[in-house]
Colleague: 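My questions all concern the structure below.
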Amino acid sequence: MKPVYHVVWKGPVRRLSGLGIASREYVKALRSQGVQTTVGAARSRTGGEGRRVLVYHHLPNTLRPRKERKRFHTILVNTVWETTRIPRSWVKPINASDAVCVPTVHNRRALRRSGVRVPVFLVPHGVHARDFRPVRKRHPSRKSKRRFTFLSVFGFQHRKNPEGLLKAYWAEFSDEDNVELIIKTNGYSPRENGRWIRGRIRAYKSRLNLRKRTAPVRIIAGHLSRAKLRRLYGRAHAFVLPTRGEGVGLPFLESMASGVPVIATGWGGHMDFVNRKNGFLVRYRLRPPAIGMNRRSAISRPFRRLFAQKGQLWAEPDLRSLRSQMRRAYRNPVLCRRKGRLARRDALRYSWDRAGRALKHAIETTIRRKR
């Protein structure tokens with residue numbers, strides 16, 4: 001179909017978060033496909049080139065379908081989710097739209113399980129493989145003082161399981177191991193700055209009452225430029241994140257494109273591209289999120305209103321399995337390089353051009369159905 005429509009994109013294009021990155025990249029990808037795309041609001045239903053289409057990329061419960069129907073011929077929701085069911089307040093506005101786009105099979109299952117009836121299109125995220133690319137690294141060695149580097153990139157929230165990562169790492173490695181863990185993280189308010197995050201981690205470590213000298217952990221808090229983030233991935237030998245749930249997991253894709261294998265929970269949206277050949281999978285059990293949130297070991301923001309609703313489940317990683325996979329990666333740098341090459345190959349299939357084509361197809365299919 002020749003584009004005879006005008007897309008208005010409403011989404012968090014100015015945010016520094018993964019959602020903000022995705023929103024900006026989707027807009028660029030649509031434009032690269034020749035789709036007239038405007039970021040912001042549209043005042044009227046008429047005017048412009050052909051039909052007006054709204055792609056809504058904010059939280060679905062903030063969508064006002066009746067109001068938007070006065071301005072747009074077609075409405076698509078673009079969203080992502082992490083647990084087995086979406087929040088209850090999302091279902092009605094999504095069903096009042098014409099279609100919904102999600103980036104992974106995990107998301108599609110969660111929507112259908114929650115009662116979403118409108119068409120669901122799979123529109124994967126992408127990664128800039130030219131920016132995130134492999135860097136040749138020397139073997140870790142005590143003689144050269146080069147450590148085996150684990151890297152983790154995440155927002156400091158309960159879903160990302162920072163306490164599980166730290167507990168497993170401290171339990172498995174001591175200062176006698178030639179290893180380090182770098183955590184690049186950020187909080188969700190001005191109060192949750194680097195000092196606050198480091199304080200939460202120190203207090204948690206003290207409560208664990210460890211009886212040995214632990215391997216070093218380095219915390220990098222706040223925003224990093226893309227160039228600095230690329231260098232961070234280039235320094236790592238393995239990426240590790242025992243997440244409880246991911247809609248996609250953009251850092252996994254960035255790590256894979258950088259030729260760095262990932263150690264990940266074997267459940268979530270990232271399972272569309274992470275597997276046993278290109279990474280290390282951690283065993284898990286599905287549990288209600290409130291169970292972990294109520295534990296004294298919880299050290300980060302829970303987002304309880306979103307993730308602790310009735311019927312929702314997510315993964316609780318097995319820390320023994322996590323320790324085993326981290327030790328396996330540490331002992332086998334050659335295996336890490338081999339898995340990293342496969343990870344790079346698999347990540348190359350996830351381009352933003354591909355995302356643009358899939359999103360354009362979803363829009364045009366929805367317009368045809370309405371006709």
Colleague: Is it the case that the ring center of Trp81 lies less than 6.0 angstrom away from the ring center of Trp90?
Modeller: yes

Colleague: Heavy atoms, side chains only, cut-off 4.5 Å: are Ile86 and Ile94 in contact?
Modeller: yes

Colleague: Please check if the number of heavy atoms outside Lys212 that lie under 6.0 Å from its NZ is greater than 12.
Modeller: yes

Colleague: Do side-chain atoms of Asn78 reach the backbone of Val100 as a donor and acceptor pair under 3.5 angstrom?
Modeller: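 No, Asn78 side chain to Val100 backbone: no donor-acceptor pair under 3.5 Å.
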
Colleague: So does Gln309 get a backbone contact from the side chain of Gln312, meaning a donor-acceptor N/O pair under 3.5 Å?
Modeller: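 Checking the backbone N and O of Gln309 against the side chain of Gln312, a donor-acceptor pair under 3.5 Å is found.
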
Colleague: Flag this pair as yes if the NZ/CZ of Lys339 is under 6.0 angstrom from the six-membered ring centre of Phe280 and inside a 45 degree cone about the axis; otherwise no.
Modeller: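 Here Lys339 passes the 6.0 Å and 45° test against Phe280.
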
Colleague: Compute whether any side-chain donor of one residue and acceptor of the other, for Tyr5 and Glu364, lie under 3.5 angstrom apart.
Modeller: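 Short answer, yes.
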
Colleague: Do other residues, nucleotides or ligands put more than 12 heavy atoms under 6.0 Å from the CZ atom of Arg113?
Modeller: yes

Colleague: Looking only at heavy atoms, what is the nearest atom pair of Leu63 and Ile75, with distance?
Modeller: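 That would be CD2-CG2, 4.4 Å.
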
Colleague: Can we call the ring centroids of Trp352 and Tyr26 under 6.0 Å apart?
Modeller: yes

Colleague: Taking Leu210 as the starting point, is it possible to reach Val179 by hopping between hydrophobic residues whose side chains are less than 4.5 Å apart?
Modeller: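 They do share one cluster, since a chain of ILVMFWY contacts under 4.5 Å joins Val179 to Leu210.
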
Colleague: I would like to know whether Ile220 and Ile183 meet side-chain contact (heavy atoms from CB on, under 4.5 Å); could you show each step before the answer?
Modeller: CA-CA 6 Å; Ile220 301 174; Ile183 295 177; over 6 Å; no

Colleague: Write down the atom of Phe154, the atom of Leu241, and the distance for their closest heavy-atom approach.
Modeller: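 Answer, listing the atom of Phe154 first, then Leu241: CD2-CD1, 3.7 Å.
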
Colleague: Verify side-chain contact (heavy atoms from CB on, under 4.5 Å) between Leu151 and Arg235, making sure each step is shown before the conclusion.
Modeller: CA-CA 9 Å; Leu151 172 66; Arg235 180 176 173 179; over 6 Å; no

Colleague: Is Pro60 close to Thr79 at the side-chain level, that is, under 4.5 Å between some pair of heavy atoms?
Modeller: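 Yes. Closest side-chain heavy atoms under 4.5 Å.
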
Colleague: After noting the C-alpha distance and the side-chain angles of Asp175 and Thr214, does the key distance pass the side-chain contact (heavy atoms from CB on, under 4.5 Å) rule?
Modeller: CA-CA 5 Å; Asp175 61 346; Thr214 57; over 6 Å; no

Colleague: Going by atom types only, do Lys160 and Ser152 share a side-chain donor-acceptor pair under 3.5 Å?
Modeller: no

Colleague: If we count only N and O atoms by modelled type, under 3.5 Å, do the side chains of Trp314 and Thr84 hold a donor and an acceptor together?
Modeller: no

Colleague: Work out which heavy atom in Ala355 is nearest to a heavy atom in Pro124; give both atom names and the distance.
Modeller: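 In terms of heavy atoms, the two residues are closest at CB-O, 3.1 Å.
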
Colleague: With a 4.5 Å limit on heavy-atom distance, are the side chains of Thr38 and His6 in contact?
Modeller: yes

Colleague: Measuring from atom OG of Ser23 to atom CH2 of Trp9, what distance do you get when rounded to the nearest 0.5 angstrom?
Modeller: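 Going from OG on Ser23 over to CH2 on Trp9, the span is 5.5 Å.
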
Colleague: Can you tell me how far apart CG (Leu359) and CZ (Arg354) are? Round to the nearest 0.5 Å.
Modeller: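 It comes to 13.0 Å.
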
Colleague: Decide yes or no on side chain to side chain donor-acceptor pair (under 3.5 Å) for Glu316 and Tyr284, but give the supporting numbers first.
Modeller: CA-CA 5 Å; Glu316 281 295 337; Tyr284 67 92; over 6 Å; no

Colleague: Could you state the interatomic distance from NE2 (His128) to CZ (Arg230), rounded to the nearest 0.5 Å?
Modeller: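 Rounded to the nearest 0.5 Å, the NE2-CZ separation comes to 11.0 Å.
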
Colleague: State the OG1-CG distance between Thr265 and Asn161, to the nearest 0.5 angstrom.
Modeller: 7.0 Å

Colleague: Is a side-chain donor or acceptor of Gln36 paired with a backbone partner of Val7 at a separation under 3.5 angstrom?
Modeller: no

Colleague: Taking the inter-plane angle between the rings of Phe132 and Tyr233 on a 0 to 90° scale, is it parallel (under 30°), tilted (30 to 60°) or perpendicular (over 60°)?
Modeller: perpendicular

Colleague: Would you mind reporting whether Thr243 and Glu246 have side-chain heavy atoms less than 4.5 Å apart?
Modeller: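 Yes. Closest side-chain heavy atoms under 4.5 Å.
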
Colleague: Just do the side-chain contact (heavy atoms from CB on, under 4.5 Å) check on Phe150 and Glu180 with the steps written out, would you?
Modeller: CA-CA 6 Å; Phe150 289 106; Glu180 66 177 346; over 6 Å; no

Colleague: Distance-only, no hydrogens or angles: does the Arg31 side chain make a donor-acceptor pair with backbone N or O of Thr37 under 3.5 Å?
Modeller: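 Checking the backbone N and O of Thr37 against the side chain of Arg31, a donor-acceptor pair under 3.5 Å is found.
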
Colleague: Distance-only, no hydrogens or angles: does the Arg24 side chain make a donor-acceptor pair with backbone N or O of Arg15 under 3.5 Å?
Modeller: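 Yes.
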
Colleague: Check for me, please, whether Val260 and Leu342 land in the same ILVMFWY cluster - side-chain distances under 4.5 Å, paths through other members count.
Modeller: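 Val260 does not cluster with Leu342.
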
Colleague: With heavy-atom distances below 4.5 Å as the criterion, would you say the side chains of Asn186 and His223 are in contact?
Modeller: no

Colleague: Taking the side chain as everything from C-beta on, heavy atoms only, tell me whether Arg283 gets closer than 4.5 Å to Pro317.
Modeller: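 No, every pair of side-chain atoms sits at 4.5 Å or beyond.
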
Colleague: Test your reading of the model: is there a side-chain donor-acceptor pair from His106 to the backbone of Gly247, 3.5 Å cut-off?
Modeller: no

Colleague: Which heavy atom in Leu286 sits nearest to a heavy atom in Ala315, and how many Å separate them?
Modeller: CD2-N, 3.9 Å

Colleague: How about Leu208 and Trp170: do any of their side-chain heavy atoms sit closer than 4.5 Å?
Modeller: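 Contact flag for Leu208/Trp170 side chains = yes.
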
Colleague: Determine, using ring centers only, whether Phe273 and Tyr350 are less than 6.0 Å apart.
Modeller: yes

Colleague: For a quick test of reading the model, state the closest non-hydrogen atom pair linking Ala308 to Ala290 and the distance between them.
Modeller: CB-CB, 4.3 Å

Colleague: I want to know whether Tyr330 and Phe173 have ring centres closer than 6.0 Å.
Modeller: yes

Colleague: So, the side chain of Asp177 versus the backbone of Ser174: is there a donor-acceptor pair under 3.5 Å, distance only?
Modeller: yes

Colleague: Given 3.5 Å as the limit, does a donor-acceptor pair link the side chain of Ser258 with the main chain of Glu254, or not?
Modeller: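 Yes, because the side chain of Ser258 sits within donor-acceptor range (under 3.5 Å) of the backbone of Glu254.
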
Colleague: Verify, without hydrogens or angle tests, whether Asn278 (side chain) and Arg344 (backbone) share a donor-acceptor contact under 3.5 angstrom.
Modeller: no

Colleague: With the threshold set at 4.0 Å, does a side-chain nitrogen-carboxylate oxygen contact exist between Glu192 and Arg200?
Modeller: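 So Glu192 does not pair with Arg200 through a salt bridge.
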
Colleague: Is any side-chain heavy atom of Arg147 less than 4.5 Å from a side-chain heavy atom of His237?
Modeller: no

Colleague: Go through the side-chain N and O atoms of Arg327 and Asn332 and say whether any donor and acceptor fall under 3.5 Å apart.
Modeller: no

Colleague: Yes or no on salt bridge (charged side-chain N to carboxylate O under 4.0 Å, His left out) for Arg244 and Glu82, after CA distance, side-chain angles and deciding distance?
Modeller: CA-CA 8 Å; Arg244 292 181 165 102; Glu82 291 86 8; over 6 Å; no

Colleague: Donor-acceptor pair, distance only, cut-off 3.5 Å: does the side chain of Asn107 make one with the backbone of Pro103?
Modeller: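 Side chain of Asn107 to backbone of Pro103: no pair is present.
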
Colleague: Is the Phe239 ring parallel, tilted or perpendicular to the Phe252 ring (thresholds 30°, 60°)?
Modeller: perpendicular

Colleague: Could you see if Ile182 belongs to whatever hydrophobic cluster contains Ile219? Use Ile, Leu, Val, Met, Phe, Trp, Tyr and a side-chain cutoff under 4.5 Å.
Modeller: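 Result: yes, single cluster for both.
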
Colleague: Hey, quick one: are Tyr188 and Leu16 part of the same hydrophobic cluster, counting side-chain heavy atoms closer than 4.5 Å, chains of contacts allowed?
Modeller: no

Colleague: Would you tell me whether Glu163 and Tyr204 have side-chain atoms, one donor and one acceptor, within less than 3.5 Å of each other?
Modeller: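 The criterion, which ignores hydrogens and geometry beyond distance, is not satisfied for Tyr204 and Glu163.
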
Colleague: Using a 6.0 Å cut-off, check whether atom NZ of Lys184 has over 12 heavy atoms from anything other than its own residue.
Modeller: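 Result for NZ/Lys184: enclosed.
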
Colleague: Run Asp131 and Arg226 through salt bridge (charged side-chain N to carboxylate O under 4.0 Å, His left out) and show every step you take.
Modeller: CA-CA 8 Å; Asp131 291 340; Arg226 182 178 287 186; 2.7 Å; yes

Colleague: Using a distance-only test with no angle check, is there a side-chain donor-acceptor pair under 3.5 angstrom linking His158 and Ser300?
Modeller: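 No, because no side-chain N or O of His158 sits under 3.5 Å from a partner of the opposite role on Ser300.
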
Colleague: If you take all heavy atoms of Ala96 and Arg69, which pair is closest and at what distance?
Modeller: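 Closest approach of Ala96 to Arg69, heavy atoms only: O-NH2, 3.0 Å.
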
Colleague: Within 45° of the axis and under 6.0 Å from the centre of the six-membered ring of Phe303, does NZ or CZ of Arg301 qualify?
Modeller: yes

